[in-house]
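Every value quoted in this text rests on a predicted model; they were computed, and no experiment measured them.
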Amino acid sequence: MKYSRISTIKFGLKNGLKACLANLNTLIHRDGCSETMPFFDNKDIVLDMDCVESKIAKSEHRTNKKSMDSLFVAIDQFGNKEIMFVEFRFNYKSMKNLKAKDLRDKKKFSKKHVNDFGYTNIHQNYYYIFNPDLKAQARRYFRSLYPSMPNNFKPITISELKDNFF
């Protein structure tokens, strides 16, 4: 599976979320990424799920719920498309403040929005991006919380996200 800029933009436009399409470098910088910018190609666009949640909450006259940070569409070699969710955790110094319930809620509400838009082809894994010095600690923490932390929650680094999908 590889990132599809065109499919990601089409997804945002089709669902009335043009204002939530964001440059990936801008989004990760805002979330605390310490890599030299630009880290991704400046043309890489994702859907800012915090923006999506804010728009939906406003239209439903409620407070914001938790959501994953971003969504992009990936395509395999046969043209099959899947929705990919990514959460950025760059500002973490330890796993003390990381709560399994919060991560499950982020997945739950983000997936609900995508399903409400009529999409069901969601990638099986949900990616949580940590700085390289915390990746091993995050993996241990995620494993220690099983079964309350699903096996498809994958802690990785921003470089691994780039290498695997971009």
Novice: Once you round to the nearest 0.5 Å, how far does CZ of Arg104 lie from OH of Tyr126?
Specialist: 13.5 Å
Novice: Would you say Ile122 and Val114 make side-chain contact, with heavy atoms under 4.5 Å?
Specialist: yes
Novice: Supply the atom-to-atom distance Asn152 CG to His123 NE2, rounded to the nearest 0.5 angstrom.
Specialist: 9.0 Å
Novice: If we only count heavy atoms from C-beta on, is the Leu47 to Ser70 side-chain gap below 4.5 Å?
Specialist: no
Novice: Does atom NZ of Lys111 have more than 12 heavy-atom neighbours from other groups under 6.0 Å away?
Specialist: no
Novice: Could you list the residues that satisfy salt bridge (charged side-chain N to carboxylate O under 4.0 Å, His left out) with Lys14, not counting sequence neighbours?
Specialist: none
Novice: Between Asp76 (side chain) and Gly79 (backbone), is there a donor-acceptor pair under 3.5 Å?
Specialist: yes
Novice: How about Lys18: does its NZ atom have over 12 heavy atoms from other parts shown lying under 6.0 Å from it?
Specialist: no
Novice: Can you confirm whether His113 sits close enough to Leu71 that some side-chain heavy atom of one is under 4.5 Å from a side-chain heavy atom of the other?
Specialist: no
Novice: Would you please name every residue forming a disulfide bond (SG atoms under 2.5 Å apart) with Cys20, sequence neighbours left out?
Specialist: Cys51
Novice: Holding to side chain to side chain contact (heavy atoms under 4.5 Å, CB included), I want the full list of residues that pass it with Asp31, two or more places apart in sequence or in another chain.
Specialist: Leu27, Asp69, Phe88, Phe90
Novice: Quick one: are Ile129 and Val86 in side-chain contact, heavy atoms under 4.5 Å?
Specialist: yes
Novice: Could I get the full list of side chain to side chain donor-acceptor pair (under 3.5 Å) partners for Lys101, not counting sequence neighbours?
Specialist: Asp105
Novice: Calculate, to the nearest 0.5 Å, the distance between atoms NZ and CG belonging to Lys107 and Asp102 respectively.
Specialist: 15.0 Å
Novice: Hey, are Lys106 and Glu87 close enough for a salt bridge, meaning a charged N less than 4.0 Å from a carboxylate O?
Specialist: yes
Novice: Checking Phe142 against Leu103 for the side-chain contact (heavy atoms from CB on, under 4.5 Å) test, could you report, in this order, the C-alpha distance in whole Å, the side-chain angles of both residues, the deciding distance, and whether it holds?
Specialist: CA-CA 11 Å; Phe142 278 44; Leu103 297 181; 3.7 Å; yes
Novice: Just do the side-chain contact (heavy atoms from CB on, under 4.5 Å) check on Ser7 and Phe72 with the steps written out, would you?
Specialist: CA-CA 8 Å; Ser7 296; Phe72 65 87; over 6 Å; no
Novice: I want to check something: taking the side chain as every heavy atom from C-beta on, are Asn131 and Tyr92 in contact at a cut-off of under 4.5 Å?
Specialist: no
Novice: Not counting sequence neighbours, list each pair that qualifies as a disulfide (SG to SG under 2.5 Å) and has a residue in residues 85-144.
Specialist: none
Novice: Is any side-chain heavy atom of Phe153 closer than 4.5 Å to a side-chain heavy atom of Tyr127?
Specialist: no
Novice: Is it the case that the side chain of Ser59 and the backbone of Ile56 share a donor-acceptor pair, with hydrogens and angles ignored and the cut-off at 3.5 Å?
Specialist: yes
Novice: Run the numbers on Leu13 and Ile9 for side-chain contact (heavy atoms from CB on, under 4.5 Å), then give the verdict.
Specialist: CA-CA 6 Å; Leu13 295 176; Ile9 292 171; 3.7 Å; yes
Novice: Identify which one of Arg5, Lys10, Lys81 satisfies the side chain to side chain contact (heavy atoms under 4.5 Å, CB included) criterion when paired with Val73.
Specialist: Lys81
Novice: By side chain to side chain donor-acceptor pair (under 3.5 Å), which residues pair with Glu60, not counting sequence neighbours?
Specialist: Arg62
Novice: Starting at CG of Asn121, measure out to CD1 of Ile83 and round the result to the nearest 0.5 Å.
Specialist: 7.5 Å
Novice: When you measure from the side chain of Glu53 to the backbone of Lys65, do you find a donor-acceptor pair of N or O atoms at a distance under 3.5 Å?
Specialist: yes
Novice: Output all residues satisfying side chain to side chain contact (heavy atoms under 4.5 Å, CB included) with Pro38, sequence neighbours left out; order by chain, then residue number.
Specialist: Asn25, Asn42
Novice: Is it the case that the side chain of Asp44 and the backbone of Phe40 share a donor-acceptor pair, with hydrogens and angles ignored and the cut-off at 3.5 Å?
Specialist: no
Novice: Taking only residues at least two apart or on different chains, which pairs with a member in residues 114-140 satisfy salt bridge (charged side-chain N to carboxylate O under 4.0 Å, His left out)?
Specialist: Lys112-Asp116, Lys135-Glu160
Novice: Please answer whether the main-chain N or O of Leu98 pairs with a side-chain N or O of Tyr141 as donor and acceptor at a distance below 3.5 Å.
Specialist: yes
Novice: What is the minimum heavy-atom distance between Lys66 and Phe109, and which atoms define it?
Specialist: O-CB, 3.2 Å
Novice: Sequence neighbours left out, what pairs pass disulfide (SG to SG under 2.5 Å) with at least one residue falling in residues 65-142?
Specialist: none
Novice: Within the distance-only criterion (no hydrogens, no angle test), does the side chain of Asp48 pair as donor or acceptor with the backbone N or O of Leu21 below 3.5 angstrom?
Specialist: no
Novice: Minimum heavy-atom separation for Gly32 to Asn91, with atom names?
Specialist: CA-OD1, 3.6 Å
Novice: State which residues pass side chain to side chain contact (heavy atoms under 4.5 Å, CB included) with Ser110; sequence neighbours excluded, sorted by chain then number.
Specialist: Met49, Ser67, Met68, Phe85
Novice: Rounded at 0.5 Å granularity, tell me how far CD1 in Ile45 sits from OG1 in Thr8.
Specialist: 9.0 Å
Novice: For a 4.5 angstrom cut-off between non-hydrogen side-chain atoms, does Phe166 reach Lys2?
Specialist: no
Novice: Looking at residues at least two apart in the chain, or sitting in another chain, which of them share a side chain to side chain donor-acceptor pair (under 3.5 Å) with Lys154?
Specialist: none
Novice: Specify the closest pair of heavy atoms between Tyr3 and Lys43, including all atoms of both residues, with the distance to one decimal.
Specialist: OH-O, 4.1 Å
Novice: Please tell me if the side chains of Ile28 and Met37 come closer than 4.5 Å, counting only heavy atoms from C-beta onward.
Specialist: yes
Novice: Might you confirm whether atom NZ of Lys99 has over 12 heavy atoms from other residues, nucleotides or ligands at distances under 6.0 Å?
Specialist: yes
Novice: Going by the rule ring-ring contact (aromatic ring centres under 6.0 Å, His included), which residues pair with Phe117 if we only count those two or more places apart in sequence or in a different chain?
Specialist: none
Novice: In Å, rounded to the nearest 0.5 Å, how long is the span from NZ of Lys55 to CG of Asn64?
Specialist: 12.0 Å
